[in-house]
J.: 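Before I ask anything, here is the structure I am working with.
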Amino acid sequence: MYYGGIEAGGTKFVCAVSNEQFEIIDRISIPTTIPEETLKYVFDFFDQYNLNAIGIGSFGPIDVMTDSATYGYVTSTPKKGWNNYNFVGTIKERYNIPVAWTTDVNAAAYGEYRMGSAQNAGSCIYLTIGTGIGGGAILNGEVVEGFGHPEMGHISVRKHAEDPFEGVCPYHGDCLEGIAAGPAIEKRLKQKGKDVDKNDPYWDKEAYYIAQALVNYTMILRPEVIILGGGVMKQAQLFPLIRTHFKTLLNEYLTTPDLDTYITSPGLVDNAGITGSLLLAAEKAI
Ligand code: ADP
Ligand code: ZN
């Protein structure tokens, strides 16, 4: 059997084909433009293979409610051409094989749970801190979805006393994503996140915000591992700063696994999302 995986990001699409051992035998990366153009490259790639199922981990928001008329759609995105786009329907029309459909971060969480930093755990959260902030959770081996998928980035956190930044979320202003994702860092410091010195005092504030979010997730879900990915987390100095704030904020109210393993980076490095998509495809394959 062969599986197809699509990691559909707002900036780029990664498509991969794997065998039953989830070894990637071919992959492409293409820029995300308008759906008709992007999907043309996706089809050209997958047309070369006889696939048994495809798994998609998509940027959102997306409709994951199986009984909804717009199941499989990308919903209210400002991204040109993708608003109300029938992604699953378009793929199914072409290939007529089972399609697994979830968010990019749910797929990454599943990849890490099965084959990455949480492979020895019973539960995990994967949080990306990049162009936006989003998270996915795995509990009892299942992707957590209720009335739709979680939106872990749009939560309220306490502002740092020395941070006057008003935030950039068009819906909430200073929600976590509005003050701590890549675009917020860039607007606040007037330079790209990757160019900010690793010793800049701002990183401690960034860590304070992320740590608050992780305390909230811990209180609500008690996962065994929290994995932090995305462009901003390439700033590796954030990890010890986040753990320190986390410890202070939690104030020994709860026990957690050792913080060095509890708050960690993706074991699959940049392949968490695509691996998760392939694993989810395999579960749908017949
Ligand atoms: P996306 O979220 O679009 O899938 P990324 O996870 O790479 O992609 O996130 C991109 C964001 O992360 C941008 O806002 C970028 O400025 C920021 N970023 C990328 N690399 C770094 C870095 N090394 N340090 C800090 N911020 C970074
Ligand atoms: Zn928000």
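When a ligand or atom number is given, it counts from 1 through the structure's own listing order.
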J.: Quick one about Thr70 and Asp63 (side-chain donor to acceptor, distance below 3.5 Å, no hydrogens or angles considered), yes or no?
T.: yes
J.: For atom 9 (O) of ligand 1, find the nearest protein heavy atom and state the residue, atom name and distance (0.1 Å precision).
T.: Gly130 CA, 3.2 Å
J.: For atom 20 (N) of ligand 1, find the nearest protein heavy atom and state the residue, atom name and distance (0.1 Å precision).
T.: Gly231 O, 3.5 Å
J.: Indicate whether the side chain of Thr38 and that of Thr32 have a donor and an acceptor atom separated by less than 3.5 Å.
T.: no
J.: Do Lys92 and Ile97 have side chains that get closer than 4.5 Å, going by heavy atoms?
T.: no
J.: Is atom 15 (C) of ligand 1 touching the protein, meaning some protein heavy atom lies under 4.0 Å away?
T.: no
J.: Under 6.0 Å between ring centres: does that hold for Phe239 and Trp203?
T.: no
J.: Is the shortest distance from a heavy atom of Gly10 to ligand 1 less than 4.0 Å?
T.: no
J.: So which protein heavy atom does atom 17 (C) of ligand 1 come closest to, and at what separation?
T.: Val232 CG2, 4.2 Å
J.: With 2.8 Å as the limit, jot down which protein N, O or S atoms are around the Zn ion (ligand 2).
T.: His154 ND1, Cys169 SG, His172 ND1, Cys175 SG
J.: N/O of Thr11 under 3.5 Å from N/O of ligand 1, yes or no?
T.: yes
J.: Quick check: Gly132 and ligand 1, any N/O pair under 3.5 Å apart?
T.: no
J.: Regarding ligand 1, does Glu186 bring an N or O atom to under 3.5 Å of one of the ligand's N or O atoms?
T.: no
J.: Looking only at protein heavy atoms, identify the closest one to atom 1 (P) of ligand 1 and say how far it is in Å.
T.: Thr131 OG1, 3.4 Å
J.: Below 4.0 angstrom, N of the basic side chain to O of the carboxylate: do Asp195 and Lys190 qualify?
T.: no
J.: Hey, is atom 23 (N) of ligand 1 touched by any protein heavy atom at less than 4.0 Å?
T.: yes
J.: Hey, does the side chain of Tyr95 reach the backbone of Phe43 with a donor-acceptor pair shorter than 3.5 angstrom?
T.: yes
J.: Just wondering, do Leu228 and Leu214 contact through their side chains at under 4.5 Å, heavy atoms?
T.: yes
J.: To the nearest 0.1 Å, how far is atom 25 (C) of ligand 1 from its closest protein heavy atom, and which atom is that?
T.: Gly193 C, 3.2 Å
J.: Only distances under 3.5 Å count here; give the side-chain donor-acceptor pairs of residues 123-146 to other protein atoms, sequence neighbours excluded, each with its distance to 0.1 Å.
T.:
| residue | atom | partner | partner atom | Å |
| --- | --- | --- | --- | --- |
| Ser123 | OG | Glu224 | N | 3.0 |
| Glu145 | OE2 | Thr102 | OG1 | 2.9 |
| Glu145 | OE2 | Asn106 | ND2 | 3.2 |

J.: Report yes or no: does Thr248 contribute a side-chain atom to a donor-acceptor pair with the main-chain N or O of Thr244 at less than 3.5 Å?
T.: yes
J.: What about Thr128: any of its N or O atoms under 3.5 Å from an N or O on ligand 1?
T.: no
J.: Quick check: do Ile210 and Phe246 have side-chain heavy atoms less than 4.5 Å from each other?
T.: no
J.: Quick one: does Lys192 get within less than 4.0 Å of ligand 1, heavy atoms only?
T.: no
J.: Does the side chain of Asp163 come under 3.5 Å of the side chain of Tyr209 through a donor N or O and an acceptor N or O?
T.: yes
J.: What I want to find out is whether Glu166 reaches Arg188 closely enough, with some N-O distance under 4.0 Å, to be called a salt bridge.
T.: no
